[in-house]
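Before any comments, here is the structure.
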Amino acid sequence: MYERKILPNLNCGLDLIGEVLYGKWKIRLLWFIDQGHQRPSELQRKIPDATRRVLNIQLKELEDHELITKKIYAVVPPKVEYSLTDFGKTVIPVIGALGIWGDENGERLREVILRRLKGDG
C-alpha cells in the first residue's frame, strides 16, 4: 500500500477539505449516496468510468474520514450499503453550491478545459 513521504499541511481549512475530498470520484460518491444510491453496484452504474477497485478505495477513504458508514448484512450473497453520517451530510450543501457554480459557468469551463486539452496534444 502507498505510504506518504510528506505529511499534509493541516493548518488551513482548504487543505483539510482537499485532504478529505481529493479523489476523482469522492464528490460524486457523496452526492449519489445522499441521493439514495447506497449499494456498490448502484454507485458503479452511476459512475461507469470508474473501476470497482478505485470506487472501493475511495469509499474506504470516505469511511475513514467519517463521512459515510458501511453496513454489511449477514446474508448470502453479502449485501453492503453505504449511508452518509451526520458529519457527511454537512458537506452536501457545499457540493451542491459547487455544482451550481459549475452549471452557471459550464460554457466557459468547457471552453478552457478543451483549450487546455488541445494544447497538451
Side-chain angles (χ1 to χ4, degrees):
M1 174 157 289
Y2 174 77
E3 187 176 324
R4 289 183 108 146
K5 292 177 179 68
I6 300 172
L7 292 176
N9 177 1
L10 302 178
N11 297 320
C12 169
L14 291 174
D15 290 332
L16 291 167
I17 291 168
E19 190 62 31
V20 173
L21 295 181
Y22 176 76
K24 188 169 185 177
W25 310 111
K26 285 184 181 179
I27 290 174
R28 285 189 189 184
L29 286 167
L30 289 167
W31 187 258
F32 290 138
I33 291 169
D34 183 57
Q35 300 299 309
H37 303 283
Q38 301 173 327
R39 306 278 312 275
S41 58
E42 293 174 318
L43 295 168
Q44 181 74 57
R45 280 192 293 277
K46 297 298 280 181
I47 311 173
D49 292 340
T51 65
R52 188 64 170 260
R53 179 181 174 276
V54 170
L55 287 182
N56 286 338
I57 289 169
Q58 293 195 355
L59 285 164
K60 175 68 173 124
E61 290 173 359
L62 290 170
E63 190 179 1
D64 290 346
H65 286 114
E66 300 179 359
L67 296 173
I68 64 173
T69 58
K70 177 182 182 179
K71 183 172 184 179
I72 303 171
Y73 294 89
V75 295
V76 177
K79 178 181 173 184
V80 174
E81 288 185 348
Y82 292 96
S83 59
L84 293 178
T85 62
D86 288 340
F87 181 51
K89 290 176 185 173
T90 65
V91 77
I92 297 302
V94 176
I95 294 170
L98 286 170
I100 291 168
W101 181 82
D103 289 341
E104 290 174 352
N105 295 282
E107 188 174 326
R108 182 176 184 177
L109 291 168
R110 276 187 284 282
E111 181 182 305
V112 297
I113 291 167
L114 290 172
R115 187 173 355 146
R116 182 173 175 263
L117 290 173
K118 289 177 183 174
D120 288 348

Can you tell me which residue pairs pass the salt bridge (Lys or Arg N to Asp or Glu O under 4.0 Å) test with a partner in residues 91-109, sequence neighbours excluded? none
Residues that, via side-chain heavy atoms closer than 4.5 angstrom, fall in one hydrophobic cluster with L109: W101
Using the side-chain hydrogen bond (donor to acceptor under 3.5 Å, both in side chains) criterion, which residues pair with E111? Sequence neighbours excluded. R115
For residues 11-18, tabulate all N or O donor-acceptor pairs below 3.5 Å that involve a side-chain atom, not counting sequence neighbours.
residue	atom	partner	partner atom	Å
N11	ND2	N9	OD1	3.3
D15	OD2	N9	ND2	3.1

Considering only distance and modelled atom types, tabulate donor-acceptor pairs under 3.5 Å from the side chains of residues 43-54, sequence neighbours left out.
residue	atom	partner	partner atom	Å
Q44	OE1	R52	N	3.4
Q44	NE2	A50	O	2.6
T51	OG1	V54	N	3.1

Hydrophobic clusters here meaning ILVMFWY residues chained together by side-chain heavy-atom distances under 4.5 Å, can you tell me if V91 and L10 are in one? no
How close do P40 and Y82 get, heavy atom to heavy atom, and via which atoms? CG-CE1, 3.9 Å
Closest non-hydrogen atom pair, L59 against I68: O-CD1, 3.4 Å
Check the hydrophobic clustering (I, L, V, M, F, W, Y; side-chain heavy atoms under 4.5 Å; chains of links allowed) and say if L98 and I113 are grouped together. no
By side-chain hydrogen bond (donor to acceptor under 3.5 Å, both in side chains), which residues pair with S83, not counting sequence neighbours? T69
Could you state the interatomic distance from CD1 (I92) to CD1 (I27), rounded to the nearest 0.5 Å? 10.0 Å
What residues, two or more places apart in sequence or in another chain, satisfy side-chain hydrogen bond (donor to acceptor under 3.5 Å, both in side chains) together with E61? K26
Between atom CD of E63 and atom OG1 of T85, what is the distance when rounded to the nearest 0.5 Å? 10.5 Å
Does Y73 sit in a hydrophobic cluster with other residues, and if so which ones, taking ILVMFWY side chains as linked at heavy-atom separations under 4.5 Å, directly or through other members? V75
Please round to the nearest 0.5 Å and tell me the distance separating atom CG of L62 and atom CD1 of I57. 12.0 Å
With sequence neighbours left out, what residues match K89 under side chain to side chain contact (heavy atoms under 4.5 Å, CB included)? L84, D86
Would you give the length of the straight line joining atom CD of Q58 to atom NZ of K24, rounded to the nearest 0.5 angstrom? 10.0 Å
Please list, chain by chain and in numerical order, all residues satisfying salt bridge (charged side-chain N to carboxylate O under 4.0 Å, His left out) with E42, sequence neighbours excluded. none
Distance check, rounded to the nearest 0.5 Å: R110 atom CZ versus L117 atom CG? 13.5 Å
With sequence neighbours left out, the residues meeting salt bridge (charged side-chain N to carboxylate O under 4.0 Å, His left out) with K79 are E81
In the single-linkage hydrophobic clustering (I, L, V, M, F, W, Y; side-chain heavy atoms under 4.5 Å), do W25 and V80 co-cluster? yes
Student check: side-chain heavy atoms of L21 and L30 closer than 4.5 Å: yes
Would a single hydrophobic cluster contain both F87 and I33, if residues Ile, Leu, Val, Met, Phe, Trp and Tyr are joined by side-chain heavy-atom contacts under 4.5 Å? yes
Just grab all the salt bridge (Lys or Arg N to Asp or Glu O under 4.0 Å) pairs involving residues 64-78, residues at least two apart or on different chains. K60-D64
